[in-house]
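Presented below is the structure to which this report refers.
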Amino acid sequence: MLNQRIKIKALLQQASIGTHVTVMGWVRTFRNNQFIALNDGSTNYNLQVVVALGMLPEATLKRITTGASLKVQGTIAESLGKGQSIELLATAIDILGDSDPEKYPLQPKKHSLEFLREIAHLRFRTNTFGAVFRIRHSLAFAVHQFFNERGFLYLHTPIITASDAEGAGEMFRVTTLPFDGTPRNEDGTVNFKEDFFGKSTNLTVSGQLEGELGAMAFSEIYTFGPTFRAENSNTTRHLAEFWMIEPEMAFYDLEDNMNLAEAFIQYLIRYVMAHNSDDLQLLDRRLAEEEKQKPANERSELGLLDKLNFVVNNQFERITYTEAIQILLESPAYKKKKFKYEVSWGIDMQSEHERYLVEKHFKKPVIVTGYPAAIKAFYMRMNDVCEPGKETVAAMDILAPGIGEIVGGSQREERLDVLQKRMEAMHIPVEEMSWYIDTRRFGTVPHAGFGLGFERMVQFVTGMTNIRDVIPFARTPKNCSF
RNA sequence: UCCCGAAUAGCUCAGUUGGUUAGAGCAUCUGACUGUUAAUCAGAGGGUCACUGGUUCAAGUCCAGUUUCGGGAGCCA
């Protein structure tokens, strides 16, 4: 049995001087043939292992290299050095796995994030990515805890779907049909009756529609699973495979929806601040270093920890789309013609507009509601009181500094006739969607929900600027390594 | 997909108006030292200058195309 060891996090927190312990981990660096910095991933702090002179044969000493894995037994002692309060005086060291220093790519020095992306299978062993993925774990755990505390049911919506009705982007096809000799109909189109499911199928782009079905029985549900978009997006905030959280609540209106989303985001941040303060501090320092490299006018005003504290302690700004357009039209940026894209009521706001509202005008997260119906999805509830020609829907987007849209949601259209009219107008295949429309036929209720991009949330909390650095193995156009 | 930029040693980068044998720091190896904190000191090895083609007496350097990467835009979460 191997697992009699103490993890380094626990050791640093609670072990007392003189105790004999066993630790296991990976060598970060070996200084002076005497001091091993050992890390086991439980914390970003290393344990300093002291090797007494002459304790190990020369040949064994040479095998203690960066990346090698060790089992160390020893006695905890007060450290004579300055960098740590306690250290482990080794009495026995076993090398579990060698790491050829000529070939091991990680060195005890700074590496660029771009380089580490190419060795994503090893980057977990760095301080930065150790912190990022410990925080990612905490966020995922906090998601479940938040909803569980509120009586939400975790619903597993399908990954493979036959509906392409939502129009949330290009989809990945799922098929077992051969590339050569694809079965054809008489008119030359592909005969999907021969395919595995007997119809055309894809990977899901959203669990929302199925989520609504669950909410119509359990009152409050949430989904948390992988989502796939085959968009050719090459940006710092898009992935082809990402994780999304989609709560769906019966008997909620738009305001209830906003209150939940805001409480949710603040809860997640508070959880990480309470459970990962070491990791956050490391990332805070990392970001501060990075900011120093930038020209003064591009630097952000708040550090990472300041920003998180601010978001937790202040209410999000809530404005309507119409007010947002008004603010943009009255802004100095607009008057000086700084915007590349036109501003007028009815536009789908561009990144530059959203960034102005969030980063320049309000300097905090902003919830925008009441978007024009023409630019939003069919399932969003038509607002009852609208100026003619300016029909709006009960939609809400939460815009976060540096990230842009982090949440998109709405109150859903629960009125059967209104929904059907909207679907027809937007050329949604009503017959194929009869299972969805059934919820409005049998005991329909007002309900609402939203989607939160999990990676964007991890980006926001960790301050990582590229989304590829907050998911273990990123899937992006032309890249599916590991 | 569009715009801009980049690709030189394991990593980070320099390389002048095109001109002899392409450099530095770190890493690695050898030796020294031994309470170090990205240890230090001395020495050594290490290159298809992304790929393909072109211009030229001569290309890491200029031109074209391709690939990949980075930043921005669109789409969105």
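Chain naming here is simple, since letters A, B, ... match the order of the sequence lines and numbering starts at 1 in each.
For the pair A:Gln48 and A:Thr29, both in contact range of RNA chain B, the more 5′-proximal nearest nucleotide belongs to A:Gln48. Each of A:Lys340 and A:Glu114 has a nearest nucleotide on RNA chain B; the 5'-most of these lies closest to A:Glu114.
Among the protein residues, A:Thr235 comes within range of the nucleic acid bases, having at least one heavy atom under 4.0 Å from a base atom. Contacts of A:Pro101 with the nucleic acid, taken as non-hydrogen atoms under 4.0 Å apart, involve only primed sugar atoms and P, OP1 or OP2. Note on A:Arg28: nothing from the nucleic acid sits closer than 4.0 angstrom, heavy atoms only. At the heavy-atom level, A:Arg117 lies under 4.0 Å from the strands shown only through sugar-phosphate atoms. As judged by a 4.0 angstrom heavy-atom cut-off over every strand, A:Glu354 is placed among residues making no nucleic acid contact. The residue A:Leu106 sits apart from the nucleic acid: no heavy atom pair falls under 4.0 Å. When heavy atoms are screened at a 4.0 angstrom cut-off, A:Phe228 is found touching no nucleic acid atom at all. Here A:Asn466 lies in heavy-atom contact (under 4.0 Å) with sugar-phosphate atoms only. Using a 4.0 Å heavy-atom cutoff across all strands shown, A:Gln84 reaches at least one base atom of the nucleic acid. Residue contacts for A:Gln107: at a heavy-atom cut-off of 4.0 Å it reaches a base atom on one of the strands shown. Residue A:Phe35 is in base contact, counting any heavy-atom pair closer than 4.0 Å across all strands shown. As judged by a 4.0 angstrom heavy-atom cut-off over every strand, A:Lys103 is placed among residues making no nucleic acid contact.
For A:Asp100 and B:rA27, the CG to P distance is 17 Å, given to the nearest whole Å. Between the OH atom of A:Tyr45 and the P atom of B:rU37 there is a distance of 19 Å, given to the nearest Å. Rounded to an integer number of Å, the gap from A:Met349 CE to B:rG74 C1' is 16 Å. Atoms CZ (A:Phe450) and C1' (B:rC76) sit 17 Å apart, rounded to a whole Å. The interatomic distance linking A:Asn127 (CG) with B:rA38 (C1') rounds to 11 Å, in whole Å. Atom CG of A:Leu113 is separated from atom P of B:rU12 by 11 Å (rounded to the nearest Å).
Between A:Asp279 and A:Arg136 there is no salt bridge, since no side-chain nitrogen of the basic residue lies less than 4.0 Å from a carboxylate oxygen of the acidic one. The pair A:Glu455-A:Arg237 does not meet the salt-bridge criterion, since no charged nitrogen lies less than 4.0 angstrom from a carboxylate oxygen.
Neither OP1 nor OP2 of B:rU36 sits under 4.0 Å from any side-chain N or O of A:Arg31. At B:rG72, none of the side-chain N or O atoms of A:Arg355 fall inside 4.0 Å of OP1 or OP2 (strictly under the cut-off).
By the 30° and 60° cut-offs, the orientation of the rings of A:Phe264 relative to A:Phe147 is tilted. Classified by interplanar angle (parallel below 30°, tilted 30° to 60°, perpendicular above 60°), the ring pair A:Phe482/A:Phe473 is tilted. Below 30°, between 30° and 60°, or above 60°: for A:His144 and A:Phe224 the angle between ring planes is between 30° and 60°, a tilted geometry.
Pairing partner, B:rA7: B:rU67, with both Watson-Crick or wobble hydrogen-bond distances short of 3.5 Å. When both distances must be under 3.5 Å, the Watson-Crick or G-U wobble mate of B:rC57 is B:rG19.
Distances from the side chain of A:Thr236 to the nucleotides B:rU12, B:rU36, B:rG72 place B:rG72 closest. The side chain of A:Asn479 approaches B:rC69 more closely than any other nucleotide in the set B:rC69, B:rU36, B:rG31. In the set B:rG35, B:rG74, B:rC11, the nucleotide with an atom closest to the side chain of A:Arg237 is B:rG74. Listed candidates were B:rC76, B:rG72, B:rU28. Nearest to the side chain of A:His238 is B:rC76. Of the candidates B:rG31, B:rG74, B:rG35, B:rG35 carries the atom nearest the A:Glu87 side chain, counting heavy atoms from C-beta on.
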Inset, instruction - Please step through ring-ring contact (aromatic ring centres under 6.0 Å, His included) for the pair A:Phe339 and A:Tyr356, ending with a clear verdict. - result: CA-CA 10 Å; A:Phe339 292 134; A:Tyr356 178 84; 5.8 Å; yes
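Judged by distance alone, the side chains of A:Gln84 and A:Tyr45 never bring a donor and an acceptor atom under 3.5 Å apart.
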